[in-house]
Amino acid sequence: MTQTAGRTAWYVERFDEFVRSLNGSSSAQLLTQRKEAMDAFVELGFPTARDEEWRYTSLAALLRQDFGVVEKLGEEVLSDVDAWRVPNLQSHVLVFTDGQYQPALSGGASLPEGVRVSNLASLLHEDGEVRDGTSLAPRGKDAFVELNTAFLRDGVHVHVDKGVRVDVPIEVLFIAASPNAAVHPRLSVRVEDGAEATLVERYVSASDHVHLTNSLAEFSLGESAHLDHYRVQDENRAAFHIANLYVREERHSVLRSTCCTLGGRLTRNHVHTHLIGEGVDSTLNGLYLVEGQQHVDNHTLIEHAQPHCQSHEFYKGILADDSTGVFRGQILVHQAAQKTDAYQANRNLLLSDRAEINTKPQLEIYADDVKCSHGATIGQLDEDAIFYLRSRGIGSAAARQVLTRAFAGEVVERIRLEPLRVLLEDSVGKRLEQAIANRA
Amino acid sequence: MLNIENLQASVGDTQILRGINLQVNAGEIHAIMGPNGSGKSTMAQVLAGHEGYDVTGGSASFLGRDLLDMNPEERAREGLFLAFQYPVEIPGVNSTYFLRTGYNEMCKHRGQEELDAMDFLSLVREKLKLVEMDESFLKRSVNEGFSGGEKKRHEVLQMAVLEPRLAVLDETDSGLDIDALRVVANGVNALHSPEKAAIVVTHYQRLLEYIVPDYVHVLYKGRIVRSGGKELALELEEKGYDWVKDEAVGAAV
Ligand SMILES: Nc1ncnc2c1ncn2[C@@H]1O[C@H](COP(=O)(O)OP(=O)(O)OP(=O)(O)O)[C@@H](O)[C@H]1O
Ligand SMILES: [Mg+2]
């Protein structure tokens with residue numbers, strides 16, 4: 001409690017510094033919003049273990065860190081970011097270091113007419129623009145959402161006009177570089193009626209320094225809009241990563257969102273999809289792969305508000321060593337949402353007897369004519385399968401790797417963007433190779 | 001090639017193999033028969049190195065090396081192959097990838113060049129013909145959703161790819177229809193040669209009409225209680241196991 005209160009005060013101080021440093025460059029409206037958000041944050045305080053949503057994820061380590069806000073972020077401008085780009089992906093890329101947009105490193109494939117992609121900072125003074133997606137995250141509910149608004153410096157704004165199909169993926173790369181950097185990126189995406197887009201978000205670290213990413217993404221899909229979304233977090237093992245994603249889906253829209261967590265010391269992914277029109281098709285896939293002391297927490301809420309929608313959720317996790325994980329899958333079906341078809345699965349593979357996962361589906365159904373299925377499993381590698389592979393000459397470590405990769409493969413193979421799929425197959429493979437070699 | 005002396009093995013406190021003696025020379029085919037639960041599969045699994053069984057006594061050597069000292073993959077690389085009575089389904093592991101990984105392990109061990117995906121595909125296509133399997137199986141996950149008979153053919157396909165010195169076939173005939181039985185038996189025969197040997201575990205004399213054994217052994221309560229030529233199988237078919245059991249009990253008293 002005292003720790004939480006003390007830290008709240010620390011963030012208030014940082015906020016005052018931050019506001020001073022803005023030096024009037026933030027519009028009056030935005031400044032008011034920042035202050036309101038800060039007040040809301042103070043009111044809420046950081047969540048504690050008494051908060052049901054945070055019971056199994058302790059913020060103690062995060063609260064011990066002196067995350068600064070006005071140090072010279074983005075100083076360490078990187079000249080070459082190719083190492084972090086998705087290889088062979090012809091994309092339009094926006095690169096951020098410590099949350100600051102790097103125009104010189106951004107660009108790439110050109111976008112068609114009817115799509116606007118820009119960094120948020122360039123829009124922050126023209127108020128109207130940023131607003132169109134921002135109302136999705138509820139105000140006064142989540143301390144991290146409030147912090148994001150209060151400290152917002154930059155991010156990405158995407159607007160796809162009605163009926164426009166964007167074949168070029170939009171790639172957003174956040175590179176953390178400075179020690180104790182606290183970055184609060186915002187992504188705001190609007191895909192208008194019948195439009196289509198693909199968005200790739202990647203979060204990496206350029207160093208081993210402790211840093212904090214507290215992102216807020218808000219996607220709004222118009223009627224029959226399509227959005228393919230991939231989020232890959234591969235930050236260093238000292239990083240704290242909080243990600244909030246709010247999606248609003250209108251009639252017949254299609255969302256395919258994949259969330260991969262490979263890095264971070266503590267990661268919390270919170271996703272709330274709100275299916276507000278009929279006939280929405282909404283997919284959430286997830287993969288988490290943790291080892292050492294890593295902790296990953298995936299909270300999802302799929303809210304069915306209208307009839308004839310389908311949601312499909314498939315999360316798989318591999319936990320090695322002393323790593324821990326949480327999966328909370330909430331499905332809320334309102335009374336009006338008849339003929340809902342909701343599927344949820346969470347499967348976990350524990351590679352050590354010290355690793356732990358806490359998984360819980362949470363269904364709240366107020367409609368009577370719905371199809372809802374869910375299942376959670378926790379298991380170890382199948383010893384019979386290991387022996388079978390070994391009996392064919394495949395070594396013990398290799399056999400474990402093959403099976404673990406196959407387990408992850410079920411999520412990875414659903415990635416439609418081939419270069420990204422190849423990258424993940426590769427990085428997952430390498431990660432598992434290490435994790436398994438360390439154990440042997 | 002294989003020399004088993006007084007081999008004993010148990011699971012937990014339960015002793016299953018109670019002193020097996022068996023010698024298999026190059027070029028020979030041995031059939032092992034015996035009632036359910038007598039220890040046939042246990043013997044096969046112990047030979048392949050299953051760690052769920054504790055070897056509590058005796059010895060086994062394979063091509064002059066101490067078999068029991070090797071881990072399962074080493075045994076396989078040395079040329080021992082077990083066709084499982086219950087092949088394991090491995091979701092998410094592509095069959096071709098599985099076959100190629102095993103094949104390349106053998107190559108590495110033998111100091112031969114490994115094959116890339118393309119070259120391996122042409123090799124495996126040839127082998128598929130031997131077991132009359134459709135190429136579509138290669139795209140599927142290992143054994144996943146395969147019918148009982150398909151799994152058995154797939155075992156023989158693996159054997160054809162890995163070309164072992166000694167094949168132990170654990171009820172590879174069970175669950176096969178007449179045509180499949182012929183296909184599997186022909187496959188096994190085609191892979192046999194004077195440098196190779198096979199141990200065929202079966203309940204049915206029928207298989208032995210196709211794969212003609214040099215010796216037939218009866219395993220009962222963890223021991224080989226009777227050995228003979230191929231005519232022993234016919235005798236068992238006719239009289240059942242009771243007389244062997246009675247003799248075994250008589251001998252033990
Ligand atoms: N892992 C195990 N745990 C406990 N008991 C076992 C185990 N494996 C084998 N057994 C027991 O050992 C005995 C021999 O089993 P095994 O499978 O070797 O028989 P089998 O001769 O192959 O029989 P079948 O003809 O039915 O295939 C059986 O009683 C079986 O229950
Ligand atoms: Mg058996």
Side-chain angles (χ1 to χ4, degrees), chain A residues 260 285-287 289 314-318 345-349 351 375 377-415 421-422 424-426 428-429 431-433 436-437 439-440, chain B residues 44-53 70-95 97-110 114 141-144 151 154-155 157-165 167-168 170:
Chain A
C260 297
N285 291 329
L287 176 69
L289 176 52
F314 189 63
Y315 270 66
K316 291 188 97 171
I318 300 169
N346 173 231
R347 306 200 196 295
N348 297 283
L349 177 62
L351 295 181
T377 57
I378 303 172
Q380 276 97 33
L381 285 176
D382 177 0
E383 288 297 330
D384 288 337
I386 293 174
F387 178 60
Y388 193 65
L389 292 169
R390 293 178 78 187
S391 77
R392 280 12 178 187
I394 301 168
S396 163
R400 279 166 204 281
Q401 251 173 62
V402 166
L403 295 175
T404 314
R405 260 179 113 131
F407 182 86
E410 239 195 318
V411 175
V412 176
E413 73 193 11
R414 293 175 194 216
I415 295 176
R421 189 174 63 238
V422 170
L424 274 166
E425 273 164 8
D426 194 54
V428 165
R431 187 63 58 86
L432 293 173
E433 208 170 305
I436 288 162
R439 275 169 48 83
Chain B
Q45 298 273 329
V46 167
L47 291 178
H50 197 296
E51 284 157 0
Y53 300 95
M70 293 188 256
N71 61 35
E73 53 272 32
E74 284 169 336
R75 299 179 196 204
R77 291 169 196 164
E78 284 292 319
L80 182 90
F81 178 86
L82 169 63
F84 284 58
Q85 182 176 2
Y86 303 109
V88 184
E89 298 199 7
I90 314 185
V93 177
N94 170 270
S95 183
Y97 174 80
F98 163 74
L99 291 165
R100 184 160 71 95
T101 309
Y103 178 84
N104 280 338
E105 287 295 344
M106 302 297 161
C107 291
K108 252 188 268 177
H109 185 73
R110 294 167 190 161
E114 295 176 40
S141 290
V142 176
N143 292 323
E144 194 185 29
K151 284 180 181 164
H154 191 232
E155 293 294 290
L157 174 68
Q158 292 167 49
M159 175 178 161
V161 167
L162 300 177
E163 298 192 344
R165 297 289 296 274
V168 181
D170 191 359

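In what follows, chains carry the letters A, B, and so on, assigned in the order in which the sequence lines appear, proteins first and then strands, with residues in each chain numbered from 1.
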Any non-hydrogen side-chain atom of A/Val402 less than 4.5 Å from a side-chain atom of B/Tyr97?
yes
* To do: Answer whether the closest heavy-atom distance between the side chains of A/Asp384 and B/His50 falls below 4.5 Å.
  => yes
Residues 387-395 of chain A vs chain B, non-hydrogen distance cutoff under 4.5 Å, contacting residues -> A/Phe387, A/Tyr388, A/Leu389, A/Arg390, A/Ser391, A/Arg392, A/Gly393, A/Ile394, A/Gly395
Against chain B, residues from residues 404-411 of chain A with at least one heavy atom under 4.5 Å, in numeric order, are A/Ala406
Highest number of heavy-atom pairs under 4.5 Å with chain A among B/Phe81, B/Phe84, B/Phe98 belongs to B/Phe84
Given B/Gly52, B/Pro72, B/Gly102, B/Ala48, the one with more heavy-atom pairs under 4.5 angstrom with chain A than any other is B/Pro72
Portion of [X] that has a non-hydrogen atom of chain A nearer than 4.5 angstrom:
| X | answer |
| --- | --- |
| B/Asn143 | side chain |
| B/Val142 | side chain |
| B/Glu78 | neither |
| B/Pro164 | neither |

